[in-house]
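All chains are named by letter (A, B, ...) in the order of the sequence lines, taking the proteins before the strands, and each is independently numbered beginning at 1. Model, not experiment: these values are computed from the prediction.
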There are 2 protein chains.
Amino acid sequence: MATIRDVAKLAGISVSTVSRYLNKSGYVNAETELNIKNAIDKLNYQPSVVARGLAGKNTKTIALLLPDITNPFFPELARAVEDVATIYGYTVIFCNTDGQVGKEKKYIDALKSKNIDGIIFASNTLGQEDVDKLASFNIPYVCLDRAPTNGTCSVVRSNDLEGGKLAVQHLLDSGCKKIGHIYGPQDLITAKERLIGYEESVRVYDWFSPSLMVPGDFGIEGGKKATEILMKRHPDIDAIFAGNDLMAFGALKVLHRMGIKVPEQVAVIGYDGINMTEITEPELTTIAQPTYDMGALVSRILIKKIEGDIEEDQIHVLDIKLISRDSTRRRG
Amino acid sequence: MATIRDVAKLAGISVSTVSRYLNKSGYVNAETELNIKNAIDKLNYQPSVVARGLAGKNTKTIALLLPDITNPFFPELARAVEDVATIYGYTVIFCNTDGQVGKEKKYIDALKSKNIDGIIFASNTLGQEDVDKLASFNIPYVCLDRAPTNGTCSVVRSNDLEGGKLAVQHLLDSGCKKIGHIYGPQDLITAKERLIGYEESVRVYDWFSPSLMVPGDFGIEGGKKATEILMKRHPDIDAIFAGNDLMAFGALKVLHRMGIKVPEQVAVIGYDGINMTEITEPELTTIAQPTYDMGALVSRILIKKIEGDIEEDQIHVLDIKLISRDSTRRRG
DNA sequence: CTGAAAGCGCTTACAG
DNA sequence: CTGAAAGCGCTTACAG
């Protein structure tokens, strides 16, 4: 591997000048520039990012902390993050935290020792300590969905409150008369807001009862159990709004097993808009988050921050969208 | 951030000794050791991986090149790779190549300039040039599924040939009399071997005809189109073996649309064993690859290689497994 | 068992 | 416009 010294020697100048050329910092004579270019070409020179990093510059790598890449919501997000990172010449390290603060802390330490340039938190945790640590390390970060308890950073999320309302409205528009809700873990803002959206839209009706709200775990299994509970408590409901698509999958399964027709007897709507919603039978109506856009945006914001585009920390709320499919289609 | 020099100073010794202690290279007096430990604790010292990297040691990071994390086969693989990497103190960079050599090359260059320790290729491409480049860079790598055309490296794959045969056998055992096959892109060894497995199992039957083999793209859409073609050509088939689960999903969709009952009229079996196979209706029978195990193994092999555990390059072929579900259950 | 020195490949003031 | 020198935080022979 050629080094900057080799380039300098071949171009007949000093290392400093080559460095200046490379970084476009300071002047360099047109002719010298040409010589440098040629030398670089001839030697197939590529600067060492690690040396650069040691010398105090960017390491051109960011990290993406997420709970579990195996959860179908995250691959698309990760893809988007990586796509825009690549555009800017960054590389992304991905870390599965399983939502455990312990793991998250370990990652942060490891990342710090690698002089990572910034971190995207799509992970659920991130306590006060982490924030402090990051601040003391002076490493930029951006959050997905959840703003850190204390301290500020830019946040990208989508409008879960509106989403919850939209889901209910769609169900009502489809002619449903009594709607149950399976909500996700309430330490997740997303789950919380969707629940609030549901409740606010629904509490004016006289059929409403708190027992229509059943907890789930954002997984298929949780969706199944919750559906069983819901149908036992309220055999007369004609719609289920699941807090995410996985739980909706669970609901479809259980309803099918119980011989309850979807959507004729019970309509089902999910949330997130993951790809697999179109392979169920019936295909699942869902409130789609702009997952890819969220990933792209969060990545872009972080990189800007890293590169010194000072921008006020702010919360970006992206719009959600109803994808209407057969699982809520009440009439031919 | 404390540096090794701070530690040395606090412990009242030289930097060299601290380094020796850190790397467990060379002797260090028991008392000195204690002093170092204390100093490290007090200062909350953490060695800089990038400095270490510059000085010629591992950067403790590996890269995972895959076609697209959005393809449901890869998240589980990636998760496994990351899990074992973490155990060994490594961090993983993930790269979506979309199967394009151009992207792959770019990544390799970028990774090289970061002194990455090793690469896992789960990507489809990897031509001769890449291999040469890697060899010249002297960077360890391991492949998933596909051995590089030329040059050697360890390969982890599962037994696709057996898998193809197993799929057919299962269908025959279920009482199917005429089986079609949707095969994946033939530049992928996995797709090819599954096809061969099918053909070898089936060509002895007089119902067999080459027109029973229809190409797909390993995607849902391709599965749909192929199924349409297949059913038009051979309305009398009673089973479809799809080369992967996504295409099987497509098949289920189309059959449902055509009013053909699965499994009563046509049984369907997929391949890969991705999680979502259990959310379709009927649930999809599939030949499951040990995806997680494959990822864990490939990661472990790479890290061993990096750390100098010289091991003969070899091909590890893991077993596949039939997961029998309703989509092939012909009788109550 | 321990330390001084050189080096990894860059960048960054500081002179000129 | 250009170069010499110091420094980033480590490791690695080489002496002692």
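Closest approach to the A:Thr3 side chain among C:dT11, D:dG9, C:dG9 is made by C:dG9 (side chain taken as heavy atoms from C-beta onward). Among D:dA4, C:dG9, D:dT11, the nucleotide with an atom closest to any side-chain atom of B:Leu54 is C:dG9. When distances run from any side-chain atom of A:Ala55 to the nucleotides D:dG3, D:dC10, C:dT11, the shortest one goes to C:dT11. Comparing C:dT2, C:dA5, D:dC8 by their nearest atom to the side chain of B:Ser16 picks out C:dA5. Here the side chain of A:Thr17 is nearest to one of C:dT11, C:dG3, D:dG3, namely D:dG3. Side-chain atoms of A:Asn29 lie closest to D:dT2 of the nucleotides D:dT2, C:dT11, D:dC10. The side chain of A:Ile4 approaches C:dT11 more closely than any other nucleotide in the set C:dT11, D:dT2, D:dC10. Between C:dT2, C:dT11, D:dG9, one nucleotide has an atom nearer to the side chain of A:Arg52 than all others, and that is C:dT11. Nearest nucleotide to the side chain of B:Lys57, out of C:dA4, D:dT11, D:dG3: D:dT11.
Of the nucleotides present, none pairs with D:dA13 by Watson-Crick or G-U wobble criteria with both distances under 3.5 Å. In this entry C:dA4 has no Watson-Crick or G-U wobble partner, no candidate having both defining distances under 3.5 Å.
What you find for B:Asn96 and A:Glu82 is that their closest heavy atoms are OD1-OE1, 2.9 Å.
In this structure, B:Ile13 atom CD1 and C:dC1 atom P are separated by 14 Å, rounded to whole Å. Rounded to a whole Å, the CG atom of B:Asn115 is 19 Å from the P atom of C:dG7.
Electrostatic pairing of A:Arg300 and A:Asp293 does not count as a salt bridge here, judged by no charged N lying under 4.0 Å from a carboxylate O. Ion pairing of A:Asp109 with A:Lys105 is absent here, as no side-chain N (NZ or NE/NH1/NH2) approaches a carboxylate O to less than 4.0 Å.
Among the atoms of the strands shown, none is found under 4.0 Å from any heavy atom of A:Ser25. Note on A:Arg5: only backbone sugar-phosphate atoms sit closer than 4.0 angstrom, heavy atoms only; bases stay farther off.
Cation-pi geometry between B:Lys24 and B:Tyr21 is met: under 6.0 angstrom from the ring centre, within 45 degrees of the axis.
Between A:Tyr45 and C:dC10, a side-chain N or O to OP1/OP2 separation shorter than 4.0 Å is present.
Of the residues near DNA chain C, B:Gly12 and A:Ser19, the one whose nearest nucleotide (by heavy atom distance) lies more toward the 5' end is B:Gly12.
The side-chain hydrogen bond (donor to acceptor under 3.5 Å, both in side chains) test with A:Tyr90 is passed by exactly one of A:Thr61, A:Asn58, A:Asp117: A:Asn58.
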